[in-house]
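Below you'll find the structure, written out as structure tokens, and then a few comments.
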Amino acid sequence: MLDIQLLRSNLPFVVERLATRGVTLDSGAFETLEAERKRLQTQTQDLQARRNTLSKQVGILKSKGEDASAVLAEVAGLGDALKAGEAALAELMPRFDAFLAGIPNLPHESVPAGRDESGNIEVLRWGAPKTIAAPRDHVELGSALGGLDFETAVKISGSRFAVMKGQIARLHRALAQFMLDLHTGEHGYTEVYVPYLVNAESMFGTGQLPKFEADLFHVPRDENEKFYLIPTAEVPVTNMVRGEILDAAALPLKFVAHTPCFRSEAGSYGRDTRGMIRQHQFDKVELVQIVPPEKSWQALEELTGHAEAVLQKLDLPYRKMALCSGDMGFSAAKTYDLEVWLPAQNAYREISSCSNFEAFQARRMQTRFRSEKSKPELVHTLNGSGLAIGRTLVAVLENYQNADGSITVPAALRSWMGGLEKITAA
RNA sequence: GGAGAGGUGGCAGAGUGGUCGAAUGUACCUGACUCGAAAUCAGGCGUAGGUGCAAGCCUACCGUGGGUUCGAAUCCCACCCUCUCCGCCA
């Protein structure tokens, strides 16, 4: 959520920054809402103040045993105007809040302008893709090794799910273990285990609701309430601090979590239908940081570096992209995507997304910290995949394939694979 | 699933219709005393919003949402959560 004060004091600036995202803010609608809000609120609060004063007088008069009927008559005269004002406010404020909640974050000044992904800027390229003659894709490799089975997954659930078996399943698990140990051991993150079903307030806090309900899976709880399956650990982990006023000395908070992620992938029916690239369920190791505002830009660089370290230790070629204004997510002020080399696609594909949300999520969550003596101040939040495990598995299979269809186990993973150096057909 | 108890400020804990945003204790901040500290004493100390150049003034908030009333932390209704006991369960 944007700072309401910023919209009031500098609406043209907000309009201009949002335009770089391809978003047109209806400034006329805002000005109308704001004028109405101001009129109703001041008027209603004046009436409330009058009523409170008179009601106090009633109490004083009655305690003295005096007649209060004149005051009671006056306060009765306020009744209708007061009720009408309160009702009008109660009707207006949700519309006002909904308008505000639907506005995406403003891109940071360092974000390149652009309409779509073609405007993204490559800021770094690491590692040289190996030359692989006639590379096979992960579906072919995994199936031949007896470790990837999409047909069975279709029977159990439907499309966009996978079954893994044997050493491939173990490799998948090894990747998660490796990433968790790296981030906790070398990057200073605290491992957390969190719920996979969350409430609507949490989804609102990180910005998935109200705009992106269609991308989420829902689980009914009772007639009035439902849970949402998390689309990323960002949601439960970041919301751990929702509504909190943190001690300044406790910052930064750095959490890492390994969770499954569930996405309905509404609106992407034709894309990446083959293999494990785009699934309804996938595992991810997520990095989350809660930091003081002045530290967040440095933290974004560090956090992205932590995700890059995973790729480097696995010796997987990748490039780092600065997303342009038009390609960023709703809540982000700036995002780096890491894209890993996939030989069979002859392309770099997204494997991590690292963002600084500045105070956008913190304001929705009301997460603040108390710097010495001053008023509570909103924190900044960041997160990034470190990494998406399903896609990392794909990258390992395709980049480490051998001519005979076997897979060399990357050196960094062998201690989690019982020392195994090569995966061959069972 | 059944029975009971309870949700009030950072924490503990009063308050059951009226100058209550809320006693008291504790923690914390400032000052006094002290060579310094402890102890003691005095003062301060919730959040959000509105308005104002500012000092300030005003509004809302006692789990959440409704209701009764001139007036609700307090009364009524619904819901949520926590704890204890029983049952079941990994």
Side-chain angles (χ1 to χ4, degrees), chain A residues 1-9 30-31 33-101 193-205 209 219-228 236 239-251 253 359-379:
Chain A
M1 215 149 56
L2 296 180
D3 183 358
I4 183 63
Q5 306 295 354
L6 182 62
L7 273 89
R8 285 178 188 147
S9 63
F30 174 76
E31 283 169 336
L33 277 171
E34 167 63 7
E36 187 67 357
R37 187 227 102 230
K38 191 165 185 166
R39 188 181 69 78
L40 283 173
Q41 186 169 349
T42 51
Q43 175 191 303
T44 305
Q45 289 189 352
D46 285 348
L47 287 169
Q48 286 172 328
R50 184 72 190 141
R51 180 209 51 203
N52 290 347
T53 308
L54 293 173
S55 290
K56 260 178 193 168
Q57 284 178 23
V58 173
I60 293 166
L61 288 172
K62 287 202 170 174
S63 70
K64 290 181 184 162
E66 294 175 20
D67 175 37
S69 57
V71 181
L72 284 171
E74 186 180 349
V75 77
L78 297 175
D80 287 347
L82 186 57
K83 276 211 171 94
E86 285 176 342
L89 255 190
E91 190 276 329
L92 179 76
M93 288 318 284
R95 284 198 288 132
F96 192 89
D97 293 341
F99 184 88
L100 198 60
Y193 172 87
V194 290
Y196 305 155
L197 294 168
V198 301
N199 56 34
E201 288 75 21
S202 294
M203 286 296 187
F204 179 84
L209 287 181
V219 179
R221 194 178 181 185
D222 54 50
E223 297 106 45
N224 315 310
E225 252 192 312
K226 62 186 168 192
F227 286 124
Y228 295 86
N239 274 281
M240 288 199 302
V241 295
R242 189 177 76 227
E244 300 288 325
I245 298 178
L246 304 162
D247 190 348
L251 301 181
L253 292 171
F360 190 84
Q361 294 180 328
R363 191 171 291 111
R364 294 169 87 93
M365 296 192 299
Q366 279 303 300
T367 302
R368 291 157 291 172
F369 74 104
R370 201 181 294 278
S371 46
E372 34 200 293
K373 281 191 104 174
S374 65
K375 302 253 311 175
E377 194 182 345
L378 293 167
V379 298

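From a predicted model like this one, the values you see are computed outputs, not experimental measurements. Chain letters run A, B, ... following the sequence lines, proteins first, then strands; residues in each count from 1.
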Pairwise C1' distance, B:rA72 and B:rU82 [rounded to whole Å]: 25 Å
Remember a base hit wins even if backbone is also touched, and classify A:Gln5 as base, sugar-phosphate or nothing at under 4.0 Å, heavy atoms. sugar-phosphate
Mind jotting down which residue pairs meet the salt bridge (charged side-chain N to carboxylate O under 4.0 Å, His left out) criterion with at least one end in residues 75-89 of chain A? Sequence neighbours excluded, please. none
Base, sugar-phosphate alone, or nothing: which one does A:Arg368 contact when heavy atoms must sit under 4.0 Å apart? sugar-phosphate
Those residues at least two apart in sequence (or on a different chain) that pass side chain to side chain contact (heavy atoms under 4.5 Å, CB included) with A:Asn52 are none
side-chain hydrogen bond (donor to acceptor under 3.5 Å, both in side chains) against A:Glu201, all qualifying residues, sequence neighbours excluded: none
Could you give the CZ-to-P distance, from A:Arg242 to B:rC81, as a whole number of Å? 14 Å
Give me the distance, rounded to whole Å, that separates B:rA78 from B:rU24 when you measure between the C1' atoms they each carry. 35 Å
Rounded to whole Å, the CZ-C1' distance (A:Arg363 to B:rG49) equals 14 Å
Using atom P in both nucleotides, what's the gap between B:rU74 and B:rG21 to the nearest angstrom? 13 Å
Going by the rule side-chain hydrogen bond (donor to acceptor under 3.5 Å, both in side chains), which residues pair with A:Gln45 if we only count those two or more places apart in sequence or in a different chain? none
Would you mind reporting whether A:Val241 and A:Leu253 have side-chain heavy atoms less than 4.5 Å apart? yes
Whole angstroms only, please: what is the CD1-P distance between A:Ile245 and B:rU47? 6 Å
Could you check A:Gln366 against A:Gln48 and say which one's nearest nucleotide on RNA chain B is further toward the 5' end? A:Gln366
Which pair of heavy atoms, one from A:Ala248 and one from A:Phe369, lies closest together, and at what distance? CB-CD1, 3.9 Å
Rounded to whole angstrom, note down the P distance from B:rA90 over to B:rC75. 43 Å
Taken in chain and number order and not counting sequence neighbours, the residues that satisfy side chain to side chain contact (heavy atoms under 4.5 Å, CB included) with A:Gln5 are A:Asp3, A:Arg8
In whole Å, measure the gap between the P atoms of B:rG25 and B:rC41 for me. 10 Å
If I take atom CD in residue A:Glu377 and atom P in nucleotide B:rU47, what distance separates them, rounded to the nearest angstrom? 13 Å
The reported gap from CZ in A:Arg39 to OG1 in A:Thr44 (rounded to nearest 0.5 angstrom) is 8.5 Å
Interatomic distance at C1', B:rG71 relative to B:rG18, whole Å: 7 Å
Does the protein touch nucleotides 63-76 of chain B at the base, only the backbone, or not at all? Give it as B, S and - per nucleotide, heavy atoms under 4.0 Å. -------BS-----
Partners meeting side chain to side chain contact (heavy atoms under 4.5 Å, CB included) with A:Leu78 (sequence neighbours left out): A:Leu47, A:Arg50, A:Arg51, A:Leu54, A:Val75
A:Ile60 vs A:Gln45, nearer the 5' end of RNA chain B by closest nucleotide: A:Ile60
Contact check, residues 35-44 of chain A vs RNA chain B, heavy-atom distance under 4.0 Å, returns A:Arg37, A:Lys38, A:Gln41, A:Thr42
Just to verify, what does A:Gln41 make a side-chain hydrogen bond (donor to acceptor under 3.5 Å, both in side chains) with, not counting sequence neighbours? A:Arg37
Whole-Å distance, A:Glu86 CD to B:rU59 P, equals 12 Å
A:Glu66: what forms a side-chain hydrogen bond (donor to acceptor under 3.5 Å, both in side chains) with it, not counting sequence neighbours? none
Whole-Å P distance, B:rA37 and B:rC29: 13 Å
CD1 of A:Ile4 to CD of A:Glu34: how many Å apart, nearest 0.5 Å? 6.0 Å
Would you check if A:Phe360 and A:Leu2 make a side-chain contact, meaning some heavy-atom pair closer than 4.5 Å? yes
Atom CG of A:Asp3 and atom P of B:rA48 are separated, to the nearest Å, by 12 Å
Starting at CZ of A:Arg364, measure out to CE of A:Met203 and round the result to the nearest 0.5 Å. 12.5 Å
For RNA chain B, which residues of residues 88-101 of chain A approach it to below 4.0 angstrom with any heavy atom? none
Distance check, C1' atoms only: B:rG1 and B:rG46, in whole angstrom units. 41 Å
For RNA chain B, the dot-bracket notation using Watson-Crick and G-U wobble pairs below 3.5 Å, [ ] for pseudoknot-type crossings and | for other-strand pairs, is ((((((((.[[[..)..(.....]]].(((((.......))))).((((((....)))))).[[[[[..)....]]]]])))))))....
In whole angstrom, what separates A:Met1's CE from B:rA48's P? 13 Å
Take the protein atom CG of A:Leu47 and the nucleotide atom P of B:rA60, then report the distance between them rounded to whole Å. 12 Å
With a 4.5 Å cut-off on side-chain heavy atoms, are A:Phe30 and A:Phe96 touching? yes
